[in-house]
Amino acid sequence: MEALVAAALVALGGLAAALYGERRRTARLRAQLEAAALDLQQLQATCARLAPAGVVQRLLADGPGAVAEISAERKVVTALFADLVGYTAMSERLEPATLARVLNGYFQRMSDAIHEHRGHISTFMGDGILAFFGALQPNPWQCDDAVRAALAMRAAIRGYNVELARAGLPALAVGIGIHRGPGLGGLVGSRERMEYAFVGRTVNVAARVQALTRTHKVDILVTEALRAELDARFALVPMPPERVKGIAEPVVTYAVQ
Amino acid sequence: MERLPDSLRVRLLRPLIRRLLAAHQARGRPAPLDRTPTHPYGGLVQVFAGSPIAPALARTLGDMWDSSHLPRRAKLLIFAVIARGLGCHVCDAEAARALRTEGLDEAALAQVLGHLDARDLTPLERALVPFARETIWYEPAPLQRRARALRDALTRPQFVETIGVVSLANGLCRMGAFVVDHP
């Protein structure tokens, strides 16, 4: 009888030890899993600075195979091109560190205005910003969103200029061109380096229209194609048609009040 | 919450949970629709006729339309905006048809679905329409920010009903886009 009790105690002890070991192993694996999840979150946050968050999530979820899927999608989007007026002169006057601080403040405010209105920034080009509306997800209200974003950018620049004046720095002015049209959106580039981009005439037109803001001495210009889809309650002023490089017909634009 | 299934208490309850789930599965037999739903989006319920989903969906939809915290037109506008955003043509057309019977003329309908606002809308509808659009592509941070702003503009029952209606509309219009638009 005593031997039986002893055997049972040994068996129980063995079982307890096995359970304890199992619990420790589970706790260790859980800690590893949590650390991996945290790493993944950090990786996503870092990558989201380089590409739209939706694209990053899809790449992480579907793996490299998703590249081919994301790489070619024909769609109609609204392109917004913004550029600082008088940037070259300002960059020559300011210290590099001050210039970087001013530019970062500018980019942050413009990004916030664009994201708030469901746009995504495709790229920063020097002092220029190229943003798209309706590129990542279908957006039937993309034209209104883009113009609201431009108005928010105008307001943000005004607010930022007050801060700059307080710091004894020169005021910024921005020119914004907006156009709507078809193109090819997705991951483009080489095997070594890819980026999410939208290619096509639409982007060129938005850039040319942005350049016209200097000619017409206004800050926000939209094309006829965009105006046709825009809420009629936006106040627009027609500008004289202008010839621009790379486009055969004179471009009709409207200034947004 | 994620660890709950592995907790000792839940593991001890597993046999009971298994029995409950099995009983639930037993109820999930094909169930005929008692009657053809006549309310908006009843056609979508009809698509699932014969499946246990159909009567549950019909009941949920019926209760949603009958609930009085939000006006029927406001709920239809939520459905219409979500259908437009998701590109569900059948749902879009159904909402538009129902909105016309609610007294929204063609021009106002085009304006509200094209630009998410119109002069003919009531202040409540003007708050709900842009919010409905925010729920289409789930982006937690902006959605929560806008939901908080909406909560301040509505009564508690209205807000709770809004969340229910947008959830149902998102589910239904997605099903519609998948099942009806692409059978």
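Labels below follow one simple rule: chain letters A, B, ... track the order of the sequence lines, proteins then strands, and each chain is numbered from 1. Model, not experiment: these values are computed from the prediction.
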| query | Got a salt bridge between B/R145 and B/E139, using NZ or NE/NH1/NH2 to carboxylate O under 4.0 Å? | reply | no
| field | A/E116 versus chain B, the contacting section by heavy-atom distance below 4.5 Å | value | both
| query | So what's closer than 4.5 Å to chain A heavy atoms on B/L113: side chain, backbone, both or neither? | reply | backbone
| request: Determine, for B/E125 against B/K75, whether the closest basic-nitrogen to carboxylate-oxygen distance falls under 4.0 angstrom. | output: no
| query | Which answer fits A/D231, side chain, backbone, both or neither, if we ask what part of it has an atom under 4.5 Å from a heavy atom of chain B? | reply | both
| Ring centroid separation B/Y41 to B/F79 under 6.0 Å | yes
| message | So that I can tick it off, tell me whether A/R233 and B/D117 are bridged by a salt bridge, with the cut-off set at under 4.0 angstrom between side-chain N and carboxylate O. | response | yes
